[in-house]
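Please read the structure below before turning to the comments.
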Amino acid sequence: MPFSTKLRSVITGAGGYLPEKCLTNADLAKIVDTSDEWILQRTGIRERHIAAEGETTSMLATHAARRALAAAGCNAADIDLIVLATSTPDYTFPAAATQVQSALGITSGAAFDLQAVCSGFVFALATADKFLCSGSHRRALVIGAETFSRILDWSDRTTCVLFGDGAGAVVLEARESAGNSSDRGVLTSHLRSDGRHREKLFVDGGPSSTQTVGHLRMLGKDVFRHAVGMVTDVIEDAFKATGYGPGDLDWFVPHQANERIINASADKLHISRDKIVKTVALHGNTSAASIPLALSVACADGRIQPGHLVMIEAMGGGFTWGSALLRW
Ligand code: UT7
């Protein structure tokens, strides 16, 4: 029935990449006045990966994209859209997405970066979804990639212990679907921003202000205080839009900033803790890369299977926050 069908964007493959160098909490205790015990207890983080000198965000992104393409069983030539979420691009311009496009040998279609800090992947997925559902593009690479190690103040123990580098990618493909909530693909997405919160999480440099890259500054307690309420709001929006509830989820894949935020959000929404995919212990907060990295881990180990209902959510600088509910 051609008139009742609808285009949905379906994730057909996921891939992740972490730089080789691993920095443990014990390593950090040699740099700043901190301890493994404090970091683990307050955040759940044990270690994080740090890009090598000269290893850029687009390089990490390209590795992840290649793995996502392999998992999806498609070629780079099949991609006509690249949306790369990052706050740490290789250069002020051109977009890191164009560097990935070039590294993959793609010479057609569109490639651009999107900046929503830790919510970047949710914003990028929702954006690519709109392109695919409009029929303008057929197959997208949606990537989250970051080298936050380059914008950390390594003398500030309140921030430098929290973040890591990495990249994750998914292949998103337009498919004809029945048009109901049993479809595979992105079922709904909910994006929000509120610029009044800039001072709570920002980088104190930039091309138009200081002509420097700057360092990340965060009022961690204030961010924490807002995080749980904001993410639970947009998750409830996704449930309302689809008629699904917490008991229907197969997997909850939240942004990986702090295990206490993840658990508090799940508990508030009555999402069972054994449905949470957690990678924060081994990755730290990789900002826009954290969700696609977690998706790639849970696909590779067989937890996420085709047909599974998966909720993703994130909150970050801006503030920005958002959710997407999708059937794998
Ligand atoms: O992804 C974007 C969103 N970002 C986040 O989600 C981060 C949200 N915030 C958080 O995750 C938490 O607020 C933190 C992990 C950043 C901090 O945890 P907290 O329980 O809110 O601790 P706090 O900031 O209240 O600090 C408690 C104490 C302070 O000492 P005093 O003032 O009580 O003497 C800090 O100076 O811990 C001290 N402290 C540390 N001690 C050892 C702060 N950082 C460290 C550290 N090691 N690395």
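Note that the numbering runs from 1 along the sequence shown for the chain. These numbers come from a predicted model, not from an experiment. Read the numbers this way: they start at 1 and go in the same order the structure lists the ligands and their atoms.
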Inset, instruction - Quick one: pull up NZ in K275 and CG in D248 and give me the separation to the nearest 0.5 Å. - result: 7.5 Å
Inset, instruction - Return the protein residues near ligand 1 (heavy atom under 4.0 Å from any of its atoms), ordered by chain and residue number. - result: D33, T34, W38, R42, T43, C118, R157, T158, V161, L162, L201, M218, G220, K221, V223, F224, H255, A257, N258, R260, I261, N285, M315
Inset, instruction - Answer yes or no: is there a donor N or O on one side and an acceptor on the other, between the side chain of Q256 and the main chain of T279, under 3.5 Å? - result: yes
Legend entry - Stepwise salt bridge (charged side-chain N to carboxylate O under 4.0 Å, His left out) test for D183 and R8: CA-CA 8 Å; D183 291 346; R8 292 269 194 206; 2.8 Å; yes
Inset, instruction - Take E146 and T286, measure what side-chain hydrogen bond (donor to acceptor under 3.5 Å, both in side chains) needs, and give me the verdict at the end. - result: CA-CA 6 Å; E146 303 278 16; T286 57; over 6 Å; no
Inset, instruction - Kindly say whether G214 contributes a backbone atom to a donor-acceptor pair with the side chain of D204 at under 3.5 angstrom? - result: no
Legend entry - D250 side-chain N/O to L309 backbone N/O, donor-acceptor pair under 3.5 Å: yes
